[in-house]
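Notes follow once the structure below has been shown.
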Amino acid sequence: MVPDCLFCKIVHREIPSEFLYENDTFVVFKDINPHAPVHLLIVPKKHIRSINDLETRDSELVGSMFILAKKMAKEQGINVSGYKLLFNVEKGGGQVIFHLHLHLLGGWK
Ligand code: AMP
Ligand code: ZN
């Protein structure tokens, strides 16, 4: 848990948020400012700043993020219509919350 990290606070329930999914490794919740009809954030409980900070030992965690994204897309009914998966990396890449998260976007007509 990193002080002043918004997503650490959400993960540890210091800030209320409705989780669509939770297990020992991840939480999933809706983006507060959605850019698509379905916009979920897949967030590891472990604090990792960005993709730049991934280490070899995180390989399984990152793989699991995509498996969870696939599951959430199906649950949201957007797996057949299609969706985007996005990591923003550091400021120039549009990252504003420096706790790793995968955007799941879809549901357009
Ligand atoms: P990024 O630009 O990749 O760092 O994305 C951060 C995302 O977190 C943005 O799309 C924000 O809308 C979203 N966000 C910020 N605060 C919250 C919050 N309290 N609950 C849900 N999503 C949030
Ligand atoms: Zn954090």
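Side-chain atoms are counted along with the backbone in the values below, which use heavy atoms only and exclude waters and symmetry mates. Residue numbers start at 1 and run along the sequence shown. All figures in this text were calculated on a predicted structure; none of them were measured in a lab.
V38 and G107 make their closest contact through CG2-CA, 4.5 Å (heavy atoms, listed as atom of the first residue, atom of the second, distance). Shown here for A36 and G106, the closest heavy-atom pair between the two residues is CB-O, 3.6 Å.
When the side-chain hydrogen bond (donor to acceptor under 3.5 Å, both in side chains) test is applied to D31, the partners found at least two apart in sequence or on another chain are H39. Here N79 pairs with nothing under the side-chain hydrogen bond (donor to acceptor under 3.5 Å, both in side chains) rule; sequence neighbours left out. Among residues two or more places apart in sequence or in another chain, the side-chain hydrogen bond (donor to acceptor under 3.5 Å, both in side chains) test is passed with H47 by H99. In this view, K30 satisfies the side-chain hydrogen bond (donor to acceptor under 3.5 Å, both in side chains) rule with no residue, not counting sequence neighbours.
How far CG of L100 is from CD1 of I48: 5.5 Å, rounded to the nearest 0.5 Å. The line from CG of L102 to CG of L40 is 10.0 Å long, rounded to the nearest 0.5 Å. N88 CG to S50 OG: the interatomic distance, rounded to the nearest 0.5 Å, is 10.5 Å. For the atom pair CZ (F98) and CG (D4), the distance works out to 14.0 Å, reported to the nearest 0.5 Å. Between the CD1 atom in I51 and the NE2 atom in H101 there is a gap of 10.0 Å [rounded to 0.5 Å].
The ring of H103 has its center no closer than 6.0 angstrom to the ring center of F87.
There is no path of hydrophobic side-chain contacts, each under 4.5 Å, that joins L61 to V43. F29 and L105 are not part of a single hydrophobic cluster, where members link through side-chain heavy atoms under 4.5 Å apart.
Taking the side chain as every heavy atom from C-beta outward, L54 and N52 never approach each other to under 4.5 Å.
Judged purely by atom type and a 3.5 angstrom limit, E90 has no side-chain atom pairing as donor or acceptor with the backbone of G92. Not one N or O on the side chain of E14 forms a donor-acceptor pair closer than 3.5 Å with the backbone of K9.
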Determine all donor-acceptor pairs shorter than 3.5 Å in which one atom belongs to a side chain in residues 64-77; sequence neighbours excluded.
from	atom 1	to	atom 2	distance (Å)
S64	OG	E60	O	2.8
K71	NZ	E75	OE2	3.3

Contacts table for residues 17-28: side-chain donor-acceptor under 3.5 angstrom, sequence neighbours left out:
from	atom 1	to	atom 2	distance (Å)
Y21	OH	N23	ND2	3.2
E22	OE1	R13	NH2	2.6
E22	OE2	K45	NZ	2.8
N23	OD1	T25	N	2.8
N23	OD1	F26	N	2.7

Would you sort out whether L104 and L41 count as a side chain to side chain contact (heavy atoms under 4.5 Å, CB included), showing the intermediate values? CA-CA 6 Å; L104 166 61; L41 300 174; over 6 Å; no
Under the side chain to side chain contact (heavy atoms under 4.5 Å, CB included) rule, what do D58 and K46 come out as? Steps first, then yes or no, please. CA-CA 10 Å; D58 299 316; K46 177 183 176 185; 2.6 Å; yes
